[in-house]
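Here is the structure we will look at.
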Amino acid sequence: MSLPEVEISSRGAKRLRAGHVWIYRSDVIDSQADAGDVVRVVTRHRSGGRNVLGVAFYNPESLICLRLFHRQDSEPDIPFWRARLKAAFDWRKRIGIGDGLGRMVYAEADNIPGLIIDRYEDVFVLQTGCAGADRLLPLWVDLLKELLQAKVVVERNDTSVRRLEGLEKRSGVLAGQLEGPFQVKYGGMIWPVDVLTGQKTGMYLDQRENHLRAAEFAKGRCLDVFSYQGGFGLHMARGGAEQVTLVDQSEKALTAASETAELNGLKIETVAGNAFDFLREQQSQGARYDLISLDPPAFAKNKHAVEKAYRGYKEINLRAMKMLEPGGLLFTSSCSYHLPPEGFEQMLEDAAMDAGRDVQIIERRFQSGDHPERVAFPEASYLKCFILRILS
Ligand code: SAH
């Protein structure tokens with residue numbers, strides 16, 4: 001077989017055998033391959049014997065040198081990748097995404113490292129976050145056309161993680177035609193979505209199931225802090241809230257939210273500004289709410305930032321808890337991978353204590369089922385969305 005080989009240390013081999021799929025540069029012993037190559041991963045025993053651990057994407061320019069996707073010694077061909085995509089798509093079909101909105105492929109968690117495919121009805125948005133997946137971009141487009149009859153395919157490869165892989169930033173239409181925002185159906189509403197310039201690939205699809213839950217619980221005066229285009233807030237309005245206020249620093253996101261509200265005959269208020277200042281002022285004015293959602297950006301971008309992030313999360317949660325009526329609900333999210341669920345729960349415990357509120361945990365929710373987590377690969381798990389209820 002013609003695959004180049006990369007030899008890894010016994011420590012690296014142990015990591016792969018334990019179920020992880022990444023090998024860092026420090027565990028690569030020898031390689032003859034180039035960035036983006038598909039390689040055979042091998043390890044040597046002290047006795048001189050040699051073991052093949054599987055097949056991986058290789059990138060010597062990245063700290064994550066190897067991303068394993070197959071635990072057998074065989075060269076992936078087009079039918080191999082077709083089967084991988086199909087398996088991912090079949091799962092989305094089973095969880096009811098059909099031809100609507102959802103993440104169709106979630107990279108390592110779907111055994112296609114680096115590849116993200118988000119679906120917005122007829123429009124598919126790709127991100128290729130590692131050199132191996134990036135090199136296969138034309139194949140992904142072809143297979144999307146073949147398997148899902150994709151009409152429009154867009155790439156949003158303008159993310160900063162690409163720099164870590166030595167890949168340039170790019171975005172644009174790869175197939176079909178798309179000029180600007182278009183409308184999709186979501187949660188019984190019509191939403192304009194801009195996959196070319198919106199945050200992420202246009203929407204926060206990872207919160208989809210949590211948005212729908214917020215619609216079910218909406219009541220009275222509701223507040224959506226760090227709202228973006230109103231993923232939570234518009235669902236609250238749709239769910240029957242009396243009053244909904246969205247807060248975000250992005251005027252553009254709030255304008256989009258107001259347009260969506262109008263399009264659906266819903267009433268919302270928007271406040272453009274810093275959420276920390278808003279919460280502080282509201283609390284000092286004695287504002288009261290029945291439902292609050294907090295969905296900040298990742299405060300802990302790396303493990304060194306966790307302590308500071310913890311204080312940030314605690315501050316906003318404490319203020320929200322203080323402003324909730326007895327019986328009120330808090331949807332509180334964190335997308336910091338570096339703050340795992342236990343740490344997040346500890347933060348909520350500290351916030352409740354300092355707020356002097358008696359608090360129930362109603363639901364511990366995570367990213368939607370189209371963003372599957374993966375055993376022995378914690379890196380795929382990042383989003384927490386807990387529902388709390390204030391007793392008194
Ligand atoms: N809740 C949204 C996603 C929120 S993403 C949804 O479910 O669709 C985080 C949002 O926080 C972004 O829109 C960003 O513009 C906003 N943001 C980041 N820092 C902020 C700050 N200090 N004050 C207000 N908004 C902020």
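Only this structure's heavy atoms are used, side chains among them; waters, hydrogens and symmetry mates stay out.
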So, are E363 and R213 salt-bridged, with charged N and O less than 4.0 Å apart?
yes
Salt-bridged, R103 to D118, with N to O below 4.0 Å?
yes
Dump the intermediate steps for side chain to side chain donor-acceptor pair (under 3.5 Å) on Q207 and S333, then the final yes or no.
CA-CA 9 Å; Q207 290 278 28; S333 303; 3.1 Å; yes
Between E146 and R82, is there a side-chain N and carboxylate O pair less than 4.0 Å apart?
yes
With ring centroids as reference points, do Y120 and W191 lie under 6.0 angstrom apart?
no
With the threshold set at 4.0 Å, does a side-chain nitrogen-carboxylate oxygen contact exist between R389 and D358?
no
We want to know whether R319 and Q283 form a side-chain donor-acceptor pair, criterion being a heavy-atom distance below 3.5 angstrom.
yes
Sidechain N-carboxylate O distance under 4.0 Å for K314, D354
yes
Audit row: V153, L126, side-chain contact (heavy atoms from CB on, under 4.5 Å) steps and yes/no
CA-CA 7 Å; V153 184; L126 299 188; 3.9 Å; yes
Who passes salt bridge (charged side-chain N to carboxylate O under 4.0 Å, His left out) against K93, sequence neighbours left out?
none
Heavy-atom side-chain contact between V154 and L178 under 4.5 Å
yes
Are E5 and R50 ion-paired here, with the side-chain N under 4.0 Å from a carboxylate O?
yes
Search all heavy atoms of L254 against all heavy atoms of V271 and return the closest pair with its distance.
CD1-O, 3.4 Å
From CA spacing to verdict: ring-ring contact (aromatic ring centres under 6.0 Å, His included), W91, Y106:
CA-CA 12 Å; W91 172 243; Y106 182 37; over 10 Å; no
Does H20 have any ring-ring contact (aromatic ring centres under 6.0 Å, His included) partners at least two apart in sequence or in another chain, and if so, which?
W22, F377
Minimum heavy-atom distance R170-E155, with the two atoms named:
NH2-OE1, 3.0 Å
Tell me, do P76 and H70 make a side-chain contact under 4.5 Å, heavy atoms counted?
no
Checking side chain to side chain donor-acceptor pair (under 3.5 Å) for the pair D34/Y58: CA distance, chi angles, key distance, verdict?
CA-CA 7 Å; D34 295 323; Y58 179 63; over 6 Å; no
Shared hydrophobic cluster, I116 / V195 (ILVMFWY, side-chain heavy atoms < 4.5 Å)
no
Atom of Y313, atom of S336 and distance for their closest heavy-atom approach:
OH-OG, 2.6 Å
